[in-house]
Every structure is written in structure tokens, then in C-alpha cells.
Amino acid sequence: MPRVITYAEAINEALRAEMRRDPEVFLFGENVSSSWRPATKGLKELFGRERVRDAPITETAFIGAGVGAAVVGMKPVVELMLVDFGLVAMDQILNQMAKTTYMTGGTVNVPMVLRAIYGAGKGNAATHSESLYGVYAHMPGMKVAVPSNPYDAKGLLITAIRDPNPVVFFEHRLLGRMEGDVPEESYTVPFGVANLVREGADVTVVAVGKMVQEASKAADTLKGEVSVEVIDPRTLVPLDEEAVLRSVQKTGRLVAVDEDYERCGFTSEVAAVVAEKGFHSLKAPVARVANPNIPIPFNRNLERHVLPDADKIVRAIKSVVK
Amino acid sequence: MPRVITYAEAINEALRAEMRRDPEVFLFGENVSSSWRPATKGLKELFGRERVRDAPITETAFIGAGVGAAVVGMKPVVELMLVDFGLVAMDQILNQMAKTTYMTGGTVNVPMVLRAIYGAGKGNAATHSESLYGVYAHMPGMKVAVPSNPYDAKGLLITAIRDPNPVVFFEHRLLGRMEGDVPEESYTVPFGVANLVREGADVTVVAVGKMVQEASKAADTLKGEVSVEVIDPRTLVPLDEEAVLRSVQKTGRLVAVDEDYERCGFTSEVAAVVAEKGFHSLKAPVARVANPNIPIPFNRNLERHVLPDADKIVRAIKSVVK
Amino acid sequence: MSPGISDEQLLDLYRVMIRIRVFENGVRRLIDEGRCGHVSLSTGGEAVAAGVSAHLTAEDQIGSTHRPLGHLVAKGGDLKRMMAEIMAKATGTNRGKGGPYHIFDKGVGALGANGTVGGSVPMCAGYALANQLRGNSSVAVSYFGEGASNQGGVQETLNLAACWRLPVVFVCENSSPDVQRMLGHEIDYPQLSIDDVGARGAAYGIPGATYEGWDVEKVYTVTGEAVERARDGGGPSLLEFKIHRLGSDEDDPHCPIKRFREKLMSRGVLTEELDAEMRDTEAVNVKEAIDFAVGSPEPEPIDAHMGVFVEDD
Amino acid sequence: MSPGISDEQLLDLYRVMIRIRVFENGVRRLIDEGRCGHVSLSTGGEAVAAGVSAHLTAEDQIGSTHRPLGHLVAKGGDLKRMMAEIMAKATGTNRGKGGPYHIFDKGVGALGANGTVGGSVPMCAGYALANQLRGNSSVAVSYFGEGASNQGGVQETLNLAACWRLPVVFVCENSSPDVQRMLGHEIDYPQLSIDDVGARGAAYGIPGATYEGWDVEKVYTVTGEAVERARDGGGPSLLEFKIHRLGSDEDDPHCPIKRFREKLMSRGVLTEELDAEMRDTEAVNVKEAIDFAVGSPEPEPIDAHMGVFVEDD
Ligand SMILES: Cc1ncc(C[n+]2csc(CCOP(=O)(O)OP(=O)(O)O)c2C)c(N)n1
Ligand SMILES: Cc1ncc(C[n+]2csc(CCOP(=O)(O)OP(=O)(O)O)c2C)c(N)n1
Ligand SMILES: [Mg+2]
Ligand SMILES: [Mg+2]
């Protein structure tokens with residue numbers, strides 16, 4: 001009988017299992033020991049305050065400390081309370097965490113996971129709502145995982161912790177309570193393998209994170225009218241280009257969806273890959289649905305106006321299948 | 001008779017003229033008062049140490065100070081010795097400088113210029129060679145200028161200083177000595193208007209910054225064989241999509257070139273725009289020539305291997321016209 | 001009578017403190033009733049905001065935090081437009097686009113709240129730099145918490161301001177782990193390596209000192225000196241005020257309003273009547289602000305797409 | 001004889017200083033001859049590198065700067081592979097991919113140079129954190145310049161290390177504006193707001209002090225105490241050493257080698273013969289290193305595309 005838990009509980013389980021399995025796995029960040037935070041709740045009680053440690057509000061220092069601990073072989077899982085706050089620490093992330101492996105000619109590696117809470121939809125305005133995975137995917141040296149459901153959250157996080165490379169792990173702030181079937185035992189979901197969320201014949205929708213739900217809603221809305229294939233790449237780096245191209249070969253149409261800024265973003269990348277490598281399959285212009293390059297406004301109506309959603313995906317699908 | 005000066009001298013002239021014209025323009029950054037730096041040489045002697053000020057090596061503090069000064073109406077020109085070093089200050093840049101206008105509902109604006117030296121080609125390795133304009137273009141709220149020659153350098157910088165919005169101004173470290181015709185008097189080059197560097201019929205090459213030279217070399221190499229149109233957008237934000245689409249309408253083919261990382265980068269964006277809005281003009285797959293998502297290696301041969309150049313552009317052009 | 005502070009000034013300070021408390025209590029009710037989103041309140045810090053801003057004019061600038069309401073009210077921020085911003089209305093200080101973490105009220109030099117811990121501090125150096133370059137005698141005040149005091153940008157700015165002798169006063173409100181512990185929270189590791197942030201002034205060669213932030217007269221006096229020094233070209237100072245974050249009532253022994261009220265009463269400066277009158281006045285102000293906000297329109301959805309850039313002159 | 005330092009130890013210190021100087025002079029010649037790219041040299045700082053590393057084993061870690069050669073040589077870095085890295089060869093410590101700004105020699109705990117001013121400092125906290133969690137007695141040493149001392153990440157890390165009582169010793173080499181001014185450079189604004197970075201220890205509740213970095217015995221003694229404290233669970237310390245950046249010769253009165261040489265000679269610990277022998281030995285080592293580097297192959301171009309990620313276990 002399948003067991004239903006939430007996305008946050010799935011994260012918690014993955015952390016718990018890996019910390020049990022490997023004494024070199026440990027966790028720190030702002031308020032990670034607080035009992036009211038479901039993803040990390042109970043871990044301090046199990047593993048002690050040394051291995052589950054609250055950090056001062058100094059992202060540069062504590063993310064850098066994660067890099068250092070990883071360089072000497074430990075497996076830190078560092079939490080960024082919100083991905084936005086990582087902007088104060090980009091040198092540690094994009095230079096030290098990401099590039100040390102390459103810059104040392106592979107004599108050093110950085111088995112670190114940076115868990116970053118991200119996403120809009122709660123009226124938290126421009127500095128507390130960003131996605132930014134486009135920036136992380138742009139910069140070389142990090143793997144980038146964006147789980148869209150509890151099953152993937154657990155499996156991808158276990159993969160991330162065991163990966164000898166730095167991984168940035170994006171958890172959408174509004175997915176924490178999402179429920180889903182999650183096996184109790186440990187399992188891994190491989191990086192670079194897309195999830196075929198739903199099969200379809202007329203158009204390929206590539207969607208990420210919370211937008212996978214919106215893409216599925218759009219597919220529901222169009223049922224009987226347009227047959228929509230939804231693909232969730234699960235990891236942006238590495239990207240399962242094969243899966244996208246295979247799908248477009250079948251459907252001839254592409255709509256790329258995410259909630260990060262559009263310009264030079266992940267939807268640009270998917271569109272470019274298809275325009276390069278899947279051009280001859282394409283029967284229509286590609287379409288992107290993303291944040292139209294606007295800081296997230298505070299007012300909820302304005303925010304809705306800016307964020308991608310099922311309606312906008314429906315419109316984009318219609319524009320390419322018409 | 002045209003007057004020939006260098007790119008760095010053109011920058012210097014623009015700064016000098018604008019500081020003369022407007023007492024609220026001032027300059028600071030690391031070593032900006034040093035006499036051995038051609039872009040700022042002589043300015044301290046002219047305008048005094050208060051308006052041409054060396055800053056401590058604290059990019060967060062001094063870039064933030066630029067934002068503050070701009071918020072109260074001054075026109076700071078802040079220098080980032082290398083764009084790479086800005087990674088320690090991304091919150092001040094990407095949140096405070098870029099988003100304050102929008103977040104305040106337009107009651108505040110930020111007339112600041114951040115001059116960022118960028119680029120590879122000198123064997124300076126992974127933390128001293130990046131371009132990163134892809135990141136700046138991804139994030140909303142800043143205009144992004146990338147002059148490719150002395151004439152544009154002067155005219156775009158004057159436009160940047162007079163713009164009431166934040167502008168990130170990218171100067172390639174290897175273009176400083178490039179010579180070109182530059183009028184002595186002040187003039188502006190408008191943002192969002194591409195430069196048609198050379199006309200051609202078979203393929204459109206969109207190239208940025210130092211890559212404009214490489215694209216032109218590639219066009220020379222292919223003379224008689226392929227007729228290459230080279231377009232230099234000059235500003236990535238705003239982007240002259242019209243010019244690109246018009247050209248592709250004529251040529252039916254696109255090669256996008258820059259030296260930033262490819263994934264989720266500016267070449268992805270150009271490819272996506274054309275796949276969306278110029279799809280019906282396209283006769284062949286688009287191609288991108290950019291850094292293949294690799295930190296810049298120290299060894300010069302490896303660096304050359306990673307960086308885009310005329311040869312790689314030639315190959316890309318051939319692949320789309322074959 | 002307190003030396004150097006007139007009764008009128010004392011009552012002004014008290015009035016501002018009441019205004020802040022009543023305003024924040026109004027916001028607190030709105031939050032509880034689900035009529036606005038989350039707002040970080042500054043209750044318990046009224047003496048700091050009032051005592052500091054008493055030395056500032058609209059030409060002086062402040063930079064604030066994620067808990068900006070007290071600072072902004074004390075600086076003369078428009079209550080109606082602030083309330084409208086909190087309720088995400090088109091008439092808000094930020095036209096509904098910024099929310100409480102990003103309130104700016106430029107006309108009174110409230111520049112501004114900030115969503116990034118420590119984010120406004122470098123900007124305050126910039127306000128001060130502009131004052132210095134323009135040769136006026138305006139001063140910037142930079143507020144931050146003891147958590148923020150560790151942020152790199154904050155510490156960098158202390159150094160920059162000292163190097164450039166900028167007219168800025170750094171005000172750290174310390175609601176520190178010690179205070180937290182007294183309130184019953186368990187702390188595994190401290191987040192601040194010392195007890196007194198004021199001691200960090202010495203690390204930058206600037207005056208730095210620590211005071212009880214529930215004593216508005218003290219705040220007023222010591223800030224006066226620091227602001228004067230900055231105005232006179234003497235450069236920056238660092239003031240730390242200990243505070244306790246409180247709820248809406250005035251029972252807590254560290255409540256700055258309760259303490260000041262008792263003092264003023266015992267000295268005969270304040271009467272029950274005057275106190276009630278002030279509270280009534282502020283209650284009316286807040287009611288008007290809420291009415292204004294409630295009655296204001298939402299921004300038009302199309303507004304979302306505008307204002308990323310301002311138009312060229 | 002210096003109290004507590006045996007003659008043998010003194011000669012070891014001297015030998016390491018000579019090794020650094022001779023190695024850097026070799027690199028200096030390569031630069032002048034255009035046989036390698038720009039390298040930031042640490043000449044003048046030999047006493048700090050030698051005096052500090054004398055207390056460390058390969059199990060201890062150091063983090064260094066854009067001027068790493070002295071630190072790395074003193075820590076036991078492989079001269080051949082370092083030289084090969086400087087010459088961008090496949091046999092380099094970083095296989096030619098990192099260059100002098102990014103040299104790591106993991107086997108000896110040299111972790112590592114850093115291209116970002118202050119960039120290695122947070123990482124050193126991480127080495128120390130790993131030592132603490134693993135319950136071993138290893139210590140991390142974090143080197144940085146006085147310019148870097150202002151960087152946010154550096155100041156944050158001082159606080160973090162203090163809060164977590166990490167086994168780390170912060171070593172600031174101050175070649176500050178004052179020193180620069182003595183060398184004839186004009187300074188408009190200071191970049192460091194105080195003279196002595198050591199005084200910043202107090203800002204984090206940790207020991208902090210300032211010493212002359214051209215006196216290797218002093219460096220040795222005070223670092224010994226700080227390392228011991230860290231090993232014993234006493235937490236971090238901050239040591240500042242004043243240094244003068246020098247050229248290749250040993251004429252300068254602040255040259256740590258000249259000073260130490262004279263002292264050792266006058267004490268009869270060093271003789272002209274022994275000195276010459278040491279220098280010859282190091283010259284041979286450096287020549288061998290250069291020969292090794294020159295004789296080594298360039299990396300294969302295809303290597304450029306490999307190693308962004310390591311293979312899964
Ligand atoms: C750079 C950054 N990190 C983390 C946060 C999340 N955050 C908001 S307020 C806060 C606590 C701030 O503490 P303090 O500065 O003492 O202010 P207080 O809330 O006590 O007034 C944190 C961690 C943030 N907004 N920005
Ligand atoms: C974040 C950052 N800003 C600027 C630079 C450029 N830079 C390299 S070394 C240096 C001076 C560093 O001074 P200090 O820390 O005192 O070291 P020193 O060179 O004196 O040994 C600067 C500004 C950099 N590498 N990183
Ligand atoms: Mg606090
Ligand atoms: Mg120095």
C-alpha cells in the first residue's frame with residue numbers, strides 16, 4: 001500500500017536516512033534546528049546540535065564553511081533559508097563551491113549540497129520570491145536539481161547528498177505541503193533523467209518545479225482539444241536533452257515553462273536546444289512562459305499577473321498549435 | 001579628418017566630459033585614481049580626490065554606497081576592477097541597484113553606472129576571466145551595455161551616465177588598446193539600437209563585445225563563399241530584437257556568439273527570440289558559439305580551446321549554411 | 001527634569017513612541033484578521049526610533065530593516081500611505097509594489113526598509129557620501145539588528161564610513177540571544193560572538209558604545225552627540241541599543257513606553273488626561289490610515305508590467 | 001639562543017625562509033623572461049609563512065591568497081608541481097588548469113591559493129569545522145592581507161569561528177597603506193580604518209594581537225600559542241603581522257631573511273658556509289623544479305572539456 005507524505009517530510013526523510021547512513025553528512029544553516037520547520041524538524045534531537053547546527057546570519061561565512069568541509073571530504077548539507085539571500089554569498093557559491101573541482105584539475109572535489117528554498121506566490125515581494133535557478137544553471141560546476149513532487153524530492157536529495165559534486169537543490173516554498181506517494185525505504189532518483197509526467201501527441205511542455213503542476217492543469221484544461229505531453233527535467237544540470245528532443249520529434253511543438261526570469265533563463269535554454277538540435281522536428285514557433293523580466297511585485301494580483309500559471313500555459317499552447 | 005584613439009581613451013573622454021558637464025557625476029572604485037590605468041588616468045588631477053576616489057577592497061560596501069548616492073540623485077560611476085569580483089556584492093547589485101526603482105513603485109530611481117571590466121584571453125584563469133553579462137541580463141532592472149569598439153564605448157558610456165536607470169557597462173579587458181575613429185565632441189549612442197557591422201545575405205551572426213571582431217574575421221574568412229551579416233546589439237538590455245529578426249528574415253539563418261557561458265546565456269536568449277518570433281524565416285537550425293559551460297582554464301591552449309573565436313564561428317556558419 | 005531636554009521635547013518623544021505603538025498595534029490587528037500579509041513589527045524599539053529621529057530633519061536620511069515601521073513613523077513617514085502599502089494598495093508609498101519590507105518615503109528621507117538583512121547599510125554610506133560631496137550638513141542614520149551586525153556588508157560599511165569619514169550614525173538594535181534566552185528560547189550556538197556590538201566601533205577607529213534602548217532619554221542624548229559629530233565633519237559613530245521585542249501590551253518591564261510614561265508621570269510632565277488625549281489622537285490617525293488604505297484601489301494589473309525602468313528625462 | 005627554540009629549529013626556520021625566497025626569485029626570473037604569466041609574489045613575508053607552518057603538520061590545513069607561494073612552500077608544497085602549475089603544465093598541482101591564484105596541494109593540507117580577495121577565509125572555517133566534527137586535533141590557518149581583512153566574508157568568518165569555537169588561526173599579513181607610504185606611494189584615503197588589524201580580535205571576543213612580521217622568532221612563538229590553543233579546543237585567534245613587500249634582494253632593513261641571518265650569525269648558530277650550503281641546496285631544488293616544469297608536457301586540449309565534474313564514486 002503506498003504511503004502518502006508531504007514534500008517537506010520527504011526532504012526530512014532523505015536527510016535523516018543519509019545522516020544515519022554516513023556520519024560525515026551534517027547540516028547547517030539559519031534556524032535549521034528549529035522545531036517548527038518541517039524539512040529539518042527532529043534532526044537535531046536525533047543527531048545532536050553539532051551535526052544540526054544553527055548558523056549566524058552570514059551566508060558568505062557559512063556557505064564557505066560548507067565548501068571547506070566538503071573540500072576535506074565531509075558531506076555538508078547547507079540550507080539557504082531563501083535562495084534570494086544567497087546573493088550576498090555568490091563568490092563562495094559560484095567560484096569556490098562550483099569551480100574548485102575544475103580549477104584544481106580534479107585533485108579536489110566538493111561533495112556539498114546547497115538546499116535553497118525558492119519561489120513566488122505568497123506576496124513576499126521582490127527580494128523573497130525569486131527562483132534564480134537560471135543563474136545557477138548558467139554558471140558551470142554545479143548540478144541543479146528542482147524537484148516537483150515528494151517522490152522526486154526524496155530520491156533526488158539522496159542522489160544529491162551522495163554525489164561527489166556540488167549540487168544546488170531547489171525546494172519550492174509552496175510545495176512543502178504537497179502530498180504524494182513516497183516509499184519508506186531509501187531510493188535514488190538519478191540526475192539527468194527527465195520524468196515523462198504525461199504523454200501527449202500535439203505539443204511538448206517542458207516545465208520545472210512548481211510549474212509542473214501548472215503544466216498538468218493546463219493539459220487537463222485542454223483535454224480533448226490538444227494532446228499535451230508534459231516533461232519534467234527534474235535536473236537542469238545535467239539536462240536530459242534527449243528526452244526533450246525525443247518528445248518534440250513526436251509533437252513538433254515546444255512550450256517551455258518556468259517561474260524564473262525569462263531573459264537568458266532556463267526557458268531560453270530549452271528553446272535554444274530545440275532550435276539547434278530539434279529544428280527539423282519543429283512545426284511551429286516555440287513558446288516560452290516565464291516571468292517577463294519583472295521583479296516580483298508585492299500586491300498579490302500583480303504577482304499573479306507576472307507569474308506563469310496554467311492559464312498562461314494554455315494560451316501559449318494554443319498559440320503554437322493553432 | 002577622423003581622430004583615432006583607443007577604447008580606454010574613449011572611456012576616459014566620456015568620463016571627463018560628463019564630469020565636466022554635471023557636478024553630480026563622480027567616480028569611485030579600487031585604484032581608480034592610479035595613473036597607470038588608462039580609462040581613469042588624469043581624472044583625479046582634474047576633478048579632485050573627492051570626486052575620483054579609491055575605495056577599500058569591499059565591493060559590497062562601495063557598490064552599495066553607489067546605490068545610495070544614486071537614490072538621492074547623484075550620478076555615481078562605480079568601477080568593478082573585474083566583473084568576477086562583483087560576485088561578493090550581488091545583493092547590492094541585483095537587489096538594491098536593480099530592483100529599487102520597481103520596488104518603490106517608481107518613487108525612487110537609481111541613476112548609477114557600474115563599469116565592469118570583463119573577459120578572457122590572457123590566461124588569467126577561472127576567477128579573473130568571466131563575462132557574466134548573461135547573469136546581469138537575466139536579472140530584471142538593469143540596462144546592460146557591451147561596447148565592442150572605441151566609438152561605441154564613448155557614446156554608450158555617455159548615454160549610460162545620463163540614463164536615469166542603473167546601467168552595467170561591460171568593458172573587455174583586451175579591447176582597451178583597440179583603436180578607432182572617435183569624435184572629440186560629446187555624442188551619445190542610443191541603447192537598444194543594434195549596429196549593422198556588415199551586411200550579408202546568407203547568415204546572420206549576432207555577436208557581442210570582443211566577439212564582434214571574431215565574427216568579422218569569420219566573415220572575412222568566408223568571403224566569396226558565404227555572405228555573412230554581422231550584427232552587434234551593443235546593449236543586451238534593452239535588446240534590439242527587431243534588428244535581429246529583420247536580418248534573419250533576410251538570411252534565414254542565425255549564429256549567436258558571445259564569450260559568456262552558453263547555458264542559459266545570451267546566445268540562448270537570441271536563439272530563443274528567433275525560434276519564437278522569427279521561426280518562419282528560419283531555413284536551418286540555429287547555432288550558438290559560446291563558452292561550453294566550462295570554468296576558464298589557466299593554460300592558454302586550453303583557454304583558447306574553450307573560448308569562442310573566428311574559427312569556431314566559421315565552423316558554426318558552415319554547419320548552418322551547408 | 002532631564003538635563004538639556006525640555007518638557008516639550010520629552011512629550012514629543014513620548015508622542016512619537018505612542019504613535020509607533022498605536023500604528024503597529026493597528027497593523028497587528030490587520031494581520032490577525034487576515035487583512036494584510038506578514039509584517040515584521042518593531043514593538044519594543046520605540047524609544048530608539050523616537051530618540052534617534054528627534055535629531056533628524058527631512059533632509060537627513062535613514063536606512064532601515066525588515067522591521068521598518070517604527071523607524072519610518074518616527075522619521076515622519078506618511079501613515080496613510082504606509083498603511084496603504086502594507087495593504088498592497090495603489091496609494092501606498094510604493095504603489096503596492098514593494099510591501100512592508102521595501103517601504104520608501106523619499107520626501108521625508110526614509111530610504112528605506114530593506115528585505116535583505118543588512119542590505120540598507122551600504123546604501124546609507126551612499127546617502128552620507130552624497131551629503132559629503134554636496135557639502136551640506138545632512139546626516140544618514142543606518143539601522144540594523146544584532147543579527148545583521150555580522151553581515152559582511154555591514155562590517156564592510158563600518159570600515160568604509162570610517163575611511164571616508166562619512167556623516168553617518170550606525171544604530172544597532174540588539175534583541176540578542178541573551179535577550180531571547182530571557183524570553184525562553186534555547187540557543188545552541190550564539191550567533192553573535194560578543195555581547196556588545198558597540199564594542200565593534202573600536203575595530204574601525206570610530207566611537208562605539210552600548211546603551212539600554214528602553215530608555216528614550218538616554219537614546220536621545222547619546223544620539224544627539226553622534227549626529228552632531230557627523231554634522232560637524234567628525235565622521236561616523238556606532239551606537240548599540242539593547243531592546244526587547246514585545247507584543248502589543250505595555251506590561252513588560254522593558255517596555256520603553258511604560259517606563260517613560262511612569263517617569264513622565266512621576267515628574268509631572270505627563271498627566272493621565274494628556275496621555276489619553278495623545279493615545280486618542282494617534283488612534284484616530286491610525287483609524288484614518290486604515291480607512292484610507294481600505295478605501296484605496298488596488299493597483300491595476302497592467303501596472304505590474306510598468307516601472308522596471310523609469311522613463312528617460 | 002632564543003628561549004624555547006632550539007638551534008635546530010632556528011635553522012629549520014631559516015632554511016624554509018631561504019627556500020621560499022629562492023623559489024620566488026626563480027619565479028621572478030621566469031616572469032621577467034616572459035616564460036610564465038603574472039604571478040603575485042610574497043617576498044618579504046617569508047618569516048610569517050615559515051614561523052606559522054613550523055607548527056603545522058600535513059594534517060593541518062592552510063588557506064591562502066593571491067600571493068600563495070610562500071605559504072605553500074612553507075606548508076611543504078611540492079616545488080616541482082607548483083612550478084609546473086605556474087608554467088601551466090599537465091604535471092602541475094592543478095594540472096595546468098588553475099594557475100598560481102588557485103594552487104592546491106591537498107596531500108600537504110595546502111587548501112589553497114585563492115583568486116578572490118578573502119575568498120579562502122570562509123573555507124578555512126570549514127576545514128576547522130570538519131576537524132571539530134571529526135574530533136581530531138587538526139588546526140586550520142587562514143592567511144589574508146590587510147586589504148582582505150575588510151572583506152565581508154573575512155569579517156563574517158571571524159564571527160562564525162568565534163561562535164562555533166573553531167580550531168582556526170587567522171593570520172593577517174599587513175602590508176598596509178602606512179607601510180606603502182613609507183615606500184613612497186601616495187594615499188588619498190586609507191583603505192583600512194585602523195592601524196592594527198589585530199585589534200579586531202576584540203570585536204569577536206577572541207585573542208587578537210599585532211607583531212612585527214619580519215621577526216621570525218616572534219612569529220614562531222606567538223603562532224605556537226595560538227595553534228596550541230586551537231588544538232586544545234580553545235577556539236580561534238587573530239594574529240596580525242606587519243610586513244614589507246620586497247623585491248628579490250636582501251638589502252631592505254625589513255627583510256626578514258637579512259635580519260634573521262644576522263641574528264643567527266651573531267649567535268653563532270649560522271655560519272657563512274652553512275648559509276651558502278643551504279642556498280645552494282635550494283637553488284638546486286628550484287633548478288630541478290624549473291627543469292621539471294620546462295620538461296613537462298602541456299595538458300592535452302581535450303582536457304579543457306573534462307573535470308568540470310568528477311565522476312560518481
Ligand atoms: C541576507 C539575509 N539572510 C537571511 C534573511 C532572513 N531573515 C530576515 S530577518 C532575520 C533575522 C534578523 O535578525 P536581526 O538583524 O537581529 O533583526 P531582528 O529581526 O532581531 O530585528 C533573518 C535571518 C534575510 N532577509 N536576508
Ligand atoms: C573580491 C576581490 N576584489 C578585488 C580583487 C583584486 N585584487 C587582487 S589582490 C588585491 C589587493 C589585496 O590586498 P591585500 O589583501 O592587502 O593583499 P596584498 O596584495 O597586499 O598581499 C586586489 C584589490 C580580487 N582579487 N578580489
Ligand atoms: Mg535582533
Ligand atoms: Mg596588503
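Just so we're on the same page: letters track the sequence lines, and every chain starts at 1. These numbers come from the heavy atoms of this one structure, side chains and all, not from hydrogens, waters or symmetry mates. Remember, predicted model here, so these are calculated numbers, not experimental data.
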Can you tell if the side chain of [X] reaches within under 4.5 Å of the side chain of [Y], non-hydrogen atoms only?
X: A:P56; Y: C:Y189; result: no
X: A:K44; Y: C:D188; result: yes
X: A:I57; Y: C:N150; result: no

Shortest non-hydrogen contact between [X] and [Y], atoms and distance:
X: A:V306; Y: C:A304; result: CG2-CB, 3.8 Å
X: A:A125; Y: C:G98; result: CB-O, 3.4 Å
X: A:A126; Y: C:H102; result: N-CE1, 4.2 Å
X: A:T127; Y: C:G115; result: OG1-CA, 3.6 Å

Between A:E303, A:E59, A:R300, which residue shows the highest count of heavy-atom pairs closer than 4.5 Å to chain C?
A:E59
Go through the atoms of C:H305 and report whether side chain, backbone, both or neither lie under 4.5 Å from a heavy atom of chain A.
both
Where does C:E85 contact chain A at under 4.5 Å (heavy atoms): side chain, backbone, both or neither?
both
Measure distances from A:T60 to the heavy atoms of chain C and classify the residue's part below 4.5 Å as side chain, backbone, both or neither.
neither
Using heavy-atom distances under 4.5 Å, tell me whether A:N293 contacts chain C through its side chain, its backbone, both, or neither.
backbone
Check the angle between the aromatic planes of A:H128 and C:Y101 and answer parallel, tilted or perpendicular using the 30° and 60° thresholds.
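Rings of A:H128 and C:Y101: tilted, 30 to 60°.
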For the [atom1] atom of [X] and the [atom2] atom of [Y], what is their distance to the nearest 0.5 Å?
X: C:D303; Y: A:N301; atom1: CG; atom2: CG; result: 11.5 Å
X: C:K97; Y: A:I296; atom1: NZ; atom2: CD1; result: 13.0 Å
X: A:F298; Y: C:K89; atom1: CZ; atom2: NZ; result: 11.5 Å

Would you say [atom1] of [X] has more than 12 non-hydrogen atoms from neighbouring residues, nucleotides or ligands within 6.0 angstrom?
X: A:R49; atom1: CZ; value: yes
X: A:K318; atom1: NZ; value: no
X: C:E300; atom1: CD; value: no

Would you say the side-chain atoms of A:N299 pair up with the backbone N or O of C:A88, donor to acceptor, closer than 3.5 Å?
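Checking the backbone N and O of C:A88 against the side chain of A:N299, a donor-acceptor pair under 3.5 Å is found.
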Side chains of A:E30 and C:Q191, donor plus acceptor under 3.5 Å
no
